[in-house]
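Reviewing the structure listed below.
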Protein chains: 2
Amino acid sequence: MAGEERAALEGYLRDRGLKMTETRETVLEAFLKMERHVTAEELLEAARRADPSIGQATVFRTINLLAEAGLAREACSDDGTRRFEHAYRHEHHDHLLCVSCGKVVEFRDAAIERAQDAVYRANGFEPVGHRMELKGVCPRCSGAKKGGS
Amino acid sequence: MAGEERAALEGYLRDRGLKMTETRETVLEAFLKMERHVTAEELLEAARRADPSIGQATVFRTINLLAEAGLAREACSDDGTRRFEHAYRHEHHDHLLCVSCGKVVEFRDAAIERAQDAVYRANGFEPVGHRMELKGVCPRCSGAKKGGS
DNA sequence: CTTTCTGCAAAGTGTTTGCAAAAAC
DNA sequence: GTTTTTGCAAACACTTTGCAGAAAG
């Protein structure tokens with residue numbers, strides 16, 4: 001399964017004299033199982049399903065650790081709540097988000113990347129990185145426009 | 001100067017039986033004068049320069065009002081703090097941000113829009129809107145790479 | 001055994017809300 | 001005169017931190 005990520009975390013911890021604990025593994029596993037962009041609260045819930053004794057502070061500490069270790073990355077937050085996405089071995093990608101059901105599709109599009117480079121060049125900027133989120137309604141939701149809330 | 005925006009706000013307020021006050025005008029003026037993406041705190045400071053008696057709650061209330069009225073729009077927040085940008089008569093645009101000096105260039109690129117549409121179509125999504133931020137180093141900053149911090 | 005980690009509760013941010021006085025209509 | 005608005009302070013939500021006991025190395 002997610003052995004690669006666990007190994008990456010262990011390596012990061014070892015390098016810094018930190019410890020690989022069962023709790024951290026639980027949080028990591030929970031994080032890896034979650035799709036979409038995850039809030040700390042959702043992650044706490046998920047982790048507690050595996051181990052109800054986990055405290056929220058630990059989840060916050062661990063997700064920050066995962067971010068430092070390069071396994072998680074902050075995603076754009078619409079409201080005031082931070083969201084995290086997977087970052088390990090994830091090539092740069094952009095997001096297509098269903099505003100109705102929250103589904104997230106990750107994609108990479110060469111034409112967009114090329115057009116972005118052109119924008120950088122036209123403005124004389126050196127590219128550093130970008131973030132893009134396309135919002136829309138996914139086929140399932142736009143098809144099922146019957147019960148609509 | 002910014003009479004158009006003020007008129008838009010007044011119209012919005014009138015429609016809802018709300019009142020156009022001096023305080024709201026002060027906050028609006030402050031907001032319109034600010035470039036980049038503004039936090040509530042920055043806006044509070046700016047508004048207090050014009051009227052030191054303004055309270056922070058009022059600024060929060062007013063910026064939310066501006067957002068409802070379509071004059072302001074939430075921008076992507078990196079940290080946990082909300083940022084707002086101008087939205088009135090601002091055609092949809094994207095941002096090119098200098099990570100060194102904070103300069104923001106707003107642009108619109110037909111090739112990118114077209115490529116985005118293609119992504120929507122390829123995934124069967126109905127487009128709703130998107131947000132894109134290109135990060136880079138502006139010509140001035142990359143040219144002046146001498147004292148670099 | 002030493003160091004780090006954990007859960008709890010308390011403290012910190014950024015934002016919202018309740019209230020009486022003040023301003024707009 | 002009625003209604004909305006305002007500034008203050010208290011409340012709130014999300015995140016971080018301090019501490020004593022527990023676990024890892």
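For clarity, every value in this text was computed on a predicted model and none was experimentally measured. First the proteins, then the strands, lettered A, B, ... as listed; each starts at 1.
Between the OH atom of A:Tyr12 and the P atom of C:dC5 there is a distance of 11 Å, given to the nearest Å. Atom CG of A:Leu28 is separated from atom P of C:dT6 by 13 Å (rounded to the nearest Å). For the pair A:Ile54 CD1 and C:dC5 P, the interatomic distance rounds to 15 Å; values are reported in whole Å. The interatomic distance linking B:Leu13 (CG) with C:dA23 (P) rounds to 19 Å, in whole Å. Rounding to whole angstrom units, CZ of residue B:Arg82 and C1' of D:dA13 are separated by 11 Å.
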A:Arg82 and A:Phe84: CA distance, side-chain angles, deciding distance, side-chain contact (heavy atoms from CB on, under 4.5 Å) verdict: CA-CA 7 Å; A:Arg82 283 200 208 165; A:Phe84 294 87; 4.1 Å; yes
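Cluster partners of A:Phe125, using a side-chain heavy-atom cutoff of under 4.5 Å among ILVMFWY residues and allowing indirect links, are A:Leu96, A:Val105, A:Phe107, A:Ile112, A:Val119, A:Tyr120, A:Met132, A:Leu134, B:Leu96, B:Val105, B:Phe107, B:Ile112, B:Val119, B:Tyr120, B:Phe125, B:Met132, B:Leu134.
Bending across the helix from C:dC1-D:dG25 to C:dC25-D:dG1, expressed as the angle between its end axes from five pairs apiece, amounts to 30° (10° rounding).
Taking only side-chain atoms of A:Phe60, from C-beta outward, the nucleotide of D:dT6, C:dC8, D:dT15 with the closest atom is D:dT15. Closest contact between the side chain of B:Asn64 and the listed nucleotides D:dT6, C:dT16, C:dT6 involves C:dT16. Of all nucleotides listed (C:dG7, C:dT15, C:dT6), C:dT15 comes nearest to the side chain of B:Thr81.
Judged by distance alone, the side chains of A:His93 and A:Glu85 do bring a donor and an acceptor atom under 3.5 Å apart. Residues B:Glu133 and B:His37 bring no donor and acceptor atom of their side chains to less than 3.5 Å of each other.
Atom CD of A:Glu106 has more than 12 heavy atoms from other residues, nucleotides or ligands within 6.0 Å.
Contact annotation: the side chain of A:Arg131 approaches that of B:Lys135 to within less than 4.5 Å [non-hydrogen atoms, C-beta and beyond].
Listed by first and then second residue, the salt bridge (charged side-chain N to carboxylate O under 4.0 Å, His left out) pairs that reach into residues 42-59 of chain B are B:Glu45-B:Arg49, sequence neighbours excluded.
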Dump the pairs, protein N or O against N or O of nucleotides 18-20 of chain D, anything under 3.5 Å, distances to one decimal.
{"unit_1": "D:dG18", "atom_1": "O6", "unit_2": "A:Arg61", "atom_2": "NH1", "d": "3.4"}

Which protein N or O atoms sit under 3.5 Å from an N or O of nucleotides 21-25 of chain D?
{"unit_1": "D:dA24", "atom_1": "N3", "unit_2": "A:Lys19", "atom_2": "NZ", "d": "2.9"}

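A heavy-atom distance below 4.0 Å to DNA chain D is reached by none of the residues of residues 39-46 of chain B.
Of the inter-residue distances, the one linking A:Ile54 atom CD1 with A:Gln56 atom CD reads 12.5 Å to the nearest 0.5 angstrom.
Side-chain N/O atoms of B:Arg24 include one lying less than 4.0 angstrom from OP1 or OP2 on D:dT6. Checking the phosphate oxygens (OP1, OP2) of D:dT6, no side-chain nitrogen or oxygen of B:Thr58 falls inside 4.0 Å.
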